[in-house]
Amino acid sequence: MVKKLKKRLFPVAKFFFDKYTSKQRKFTFEGITIQMHSAVFPPKFTLSTKILLEYLKSLDLTDTTFLELGCGSGIISLFAASKGANVTASDINQTALDLLKEASRENEIPLQIVYSDLFENLSNQQFEYIIINPPYYPKTPQNVKERAWFCGEHFEYFENLFQQLPNNLAEHTWMILSEDCDIETIKNIAQKNQLSFELILEKTVVKEKNYIFSLQKSS
Ligand SMILES: C[S@@+](CC[C@H](N)C(=O)[O-])C[C@H]1O[C@@H](n2cnc3c(N)ncnc32)[C@H](O)[C@@H]1O
């Protein structure tokens, strides 16, 4: 019911979001401010980023190595770095990366910022934490902005990610998903690549169930 309603309302929400972000807007979390941009995934209006931020709050990240794969605005990366992690933030959206460079300078929080299609430019590095808030609607993205939302009609994003992940897995590889997406299909693609999901957090916000899964090699 909620899922169907959300699906119907998505174009309306997108229209208002595009209108809202056509002006310069900011988002602040724990004293860290970023500039939002219409071409970059919006942490202000989506639940997933905020749930991940809240979850990270309780962790001691001092001196850990941390990758945010598909960093978008990079607020998660900046927050993790402010908690003492050595952070790499990667994305295929150059506008997002340019804005994140600026935010890193303005907030005086240093980060490694890397243009990378999944692990393409990260393959020589190992991390203790990998955080992924993936695009999950099954539709072909028409441009880089849409790649924040759409994973391809045949879940190509997950096919590629789960092929690469076994060689790049971190001790803590976490992915957030919502009941709004086809979790069973996503889990099946993972399973095909010898990866399994363990639930580490379930959180219901505005009647929508959100899950953080830890990804591991299947035994
Ligand atoms: C749902 S948004 C999440 C952004 C950010 N992590 C957050 O939680 O606010 C997904 C992000 O993944 C990026 N992305 C999509 N496909 C990618 C790929 N193949 N390689 C790297 N990043 C990708 C998008 O550009 C977008 O910034």
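All values reported here derive from a predicted model rather than from experimental measurement.
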Peer 1: Do Glu120 side-chain atoms and Leu118 backbone N/O form a donor-acceptor pair below 3.5 Å?
Peer 2: no
Peer 1: Please step through salt bridge (Lys or Arg N to Asp or Glu O under 4.0 Å) for the pair Lys203 and Glu54, ending with a clear verdict.
Peer 2: CA-CA 11 Å; Lys203 198 169 172 65; Glu54 288 299 328; over 6 Å; no
Peer 1: Does the side chain of Ile183 reach to within under 4.5 Å of the side chain of Tyr136, using non-hydrogen atoms?
Peer 2: no
Peer 1: Step by step, would you call Phe158 with Met175 a side-chain contact (heavy atoms from CB on, under 4.5 Å)?
Peer 2: CA-CA 11 Å; Phe158 292 99; Met175 175 179 280; 4.1 Å; yes
Peer 1: So which atom in Glu146 and which in Gln142 form the shortest heavy-atom distance, rounded to 0.1 Å?
Peer 2: OE1-N, 2.9 Å
Peer 1: With a 4.5 Å cut-off on side-chain heavy atoms, are Ser90 and Leu122 touching?
Peer 2: yes
Peer 1: Please check: side-chain N/O of Ser218 versus main-chain N/O of Leu195, any donor-acceptor pairing under 3.5 Å?
Peer 2: yes
Peer 1: For residues Ile176 and Ser48, report the shortest heavy-atom separation together with the two atoms involved.
Peer 2: CD1-O, 3.6 Å
Peer 1: Can you tell me how far apart CD1 (Ile109) and OG (Ser77) are? Round to the nearest 0.5 Å.
Peer 2: 10.5 Å
Peer 1: With the side chain counted from C-beta on, respond yes when Phe45 and Met36 share a heavy-atom pair under 4.5 Å apart, and no when they do not.
Peer 2: yes
Peer 1: Do you know which of Tyr129, Trp174, Tyr211, Phe79 makes ring pair (Phe, Tyr, Trp, His ring centres under 6.0 Å) with Tyr55?
Peer 2: Trp174
Peer 1: Would you say the side-chain atoms of Lys83 pair up with the backbone N or O of Leu59, donor to acceptor, closer than 3.5 Å?
Peer 2: yes
Peer 1: What I'd like to find out is whether the side chain of Phe162 reaches to under 4.5 Å of the side chain of Ile186, using heavy atoms alone.
Peer 2: yes
Peer 1: Rounded to the nearest 0.5 Å, what's the gap from CD1 on Ile51 to CD on Glu202? Could you check?
Peer 2: 10.5 Å
Peer 1: Find out whether Cys71 and Leu100 are in side-chain contact, i.e. whether some heavy atom of one side chain is under 4.5 Å from a heavy atom of the other.
Peer 2: yes
Peer 1: Report the C-alpha distance between Ile32 and Ser82 in whole Å, list the side-chain angles of each, state the deciding distance to 0.1 Å, and finish with yes or no for side-chain contact (heavy atoms from CB on, under 4.5 Å).
Peer 2: CA-CA 9 Å; Ile32 303 167; Ser82 77; 3.8 Å; yes
Peer 1: Tell me which one of Asn167, Leu165, Asn124 satisfies side-chain contact (heavy atoms from CB on, under 4.5 Å) with Phe119.
Peer 2: Leu165
Peer 1: So, taking the atom named OG1 in Thr88 and the one named CZ in Phe127, what distance separates them when rounded to the nearest 0.5 Å?
Peer 2: 4.0 Å
Peer 1: Which heavy atom in Glu208 sits nearest to a heavy atom in Ser178, and how many Å separate them?
Peer 2: OE2-OG, 2.7 Å
Peer 1: Can you see whether Gln94 engages Asp98 through a side-chain donor-acceptor pair at a distance of less than 3.5 angstrom?
Peer 2: yes
Peer 1: Evaluate the side-chain proximity of Ile92 to Tyr115: yes if any heavy-atom separation is below 4.5 Å, no if none is.
Peer 2: yes
Peer 1: Main chain of Arg25, side chain of Gln35: is a donor-acceptor contact present, judged purely on distance under 3.5 Å?
Peer 2: yes
Peer 1: When you measure from the side chain of Thr65 to the backbone N and O of Glu128, does any donor-acceptor pair fall under 3.5 Å?
Peer 2: yes
Peer 1: Return the set of residues passing side chain to side chain donor-acceptor pair (under 3.5 Å) with Lys139 (not counting sequence neighbours), or none when no residue passes.
Peer 2: none
Peer 1: Does the Asn93 side chain pair with the main chain of Lys145, one donor and one acceptor, at a distance under 3.5 Å?
Peer 2: no
Peer 1: Among side-chain atoms of Gln216 and Ser196, is any donor-acceptor pair under 3.5 angstrom?
Peer 2: no
Peer 1: If we ignore hydrogens and angles and just use 3.5 Å, is the side chain of Lys217 paired with the main-chain N or O of Gln194 as donor and acceptor?
Peer 2: no
Peer 1: Mind listing the closest non-hydrogen atom pair of Val40 and Gly72 along with its distance?
Peer 2: CG1-C, 3.7 Å
Peer 1: Check whether any side-chain heavy atom of Arg147 sits under 4.5 Å from a side-chain heavy atom of Asp117, and report yes or no.
Peer 2: yes
Peer 1: Just wondering, are more than 12 heavy atoms of other shown residues or ligands nearer than 6.0 Å to CG in Asn143?
Peer 2: yes
Peer 1: Could you tell me if the side chain of Leu161 sits less than 4.5 Å from the side chain of Pro134, heavy atoms only?
Peer 2: no
Peer 1: Trp149 vs Phe41 aromatic rings, parallel, tilted or perpendicular, using cut-offs 30° and 60°?
Peer 2: tilted
Peer 1: Any idea which heavy atoms bring Gln126 and Leu169 closest together, and the distance?
Peer 2: OE1-O, 3.7 Å
Peer 1: Rounded to the nearest 0.5 Å, what separates atom CG in Leu67 from atom CD1 in Ile132?
Peer 2: 7.5 Å
Peer 1: Evaluate Arg105 against Glu102 for salt bridge (Lys or Arg N to Asp or Glu O under 4.0 Å), listing each step before the verdict.
Peer 2: CA-CA 5 Å; Arg105 204 180 45 244; Glu102 245 175 80; 5.3 Å; no
Peer 1: With sequence neighbours left out, which residue pairs that include part of residues 185-199 fulfil the salt bridge (charged side-chain N to carboxylate O under 4.0 Å, His left out) condition?
Peer 2: Glu159-Lys192
Peer 1: Which heavy atom in Ile34 sits nearest to a heavy atom in Pro43, and how many Å separate them?
Peer 2: CD1-CG, 3.7 Å
Peer 1: How far does CD1 of Ile76 sit from CG of Asn133, to the nearest 0.5 angstrom?
Peer 2: 6.0 Å
Peer 1: At what distance, to the nearest 0.5 angstrom, does CD1 of Ile189 lie from CG of Asn160?
Peer 2: 10.0 Å
Peer 1: Where the side chain of Glu106 meets the backbone of Ser104, is there a donor-acceptor pair that is under 3.5 Å apart?
Peer 2: no
Peer 1: Can you label the angle between the Phe27 ring and the Phe29 ring as parallel, tilted or perpendicular, going by 30° and 60°?
Peer 2: parallel
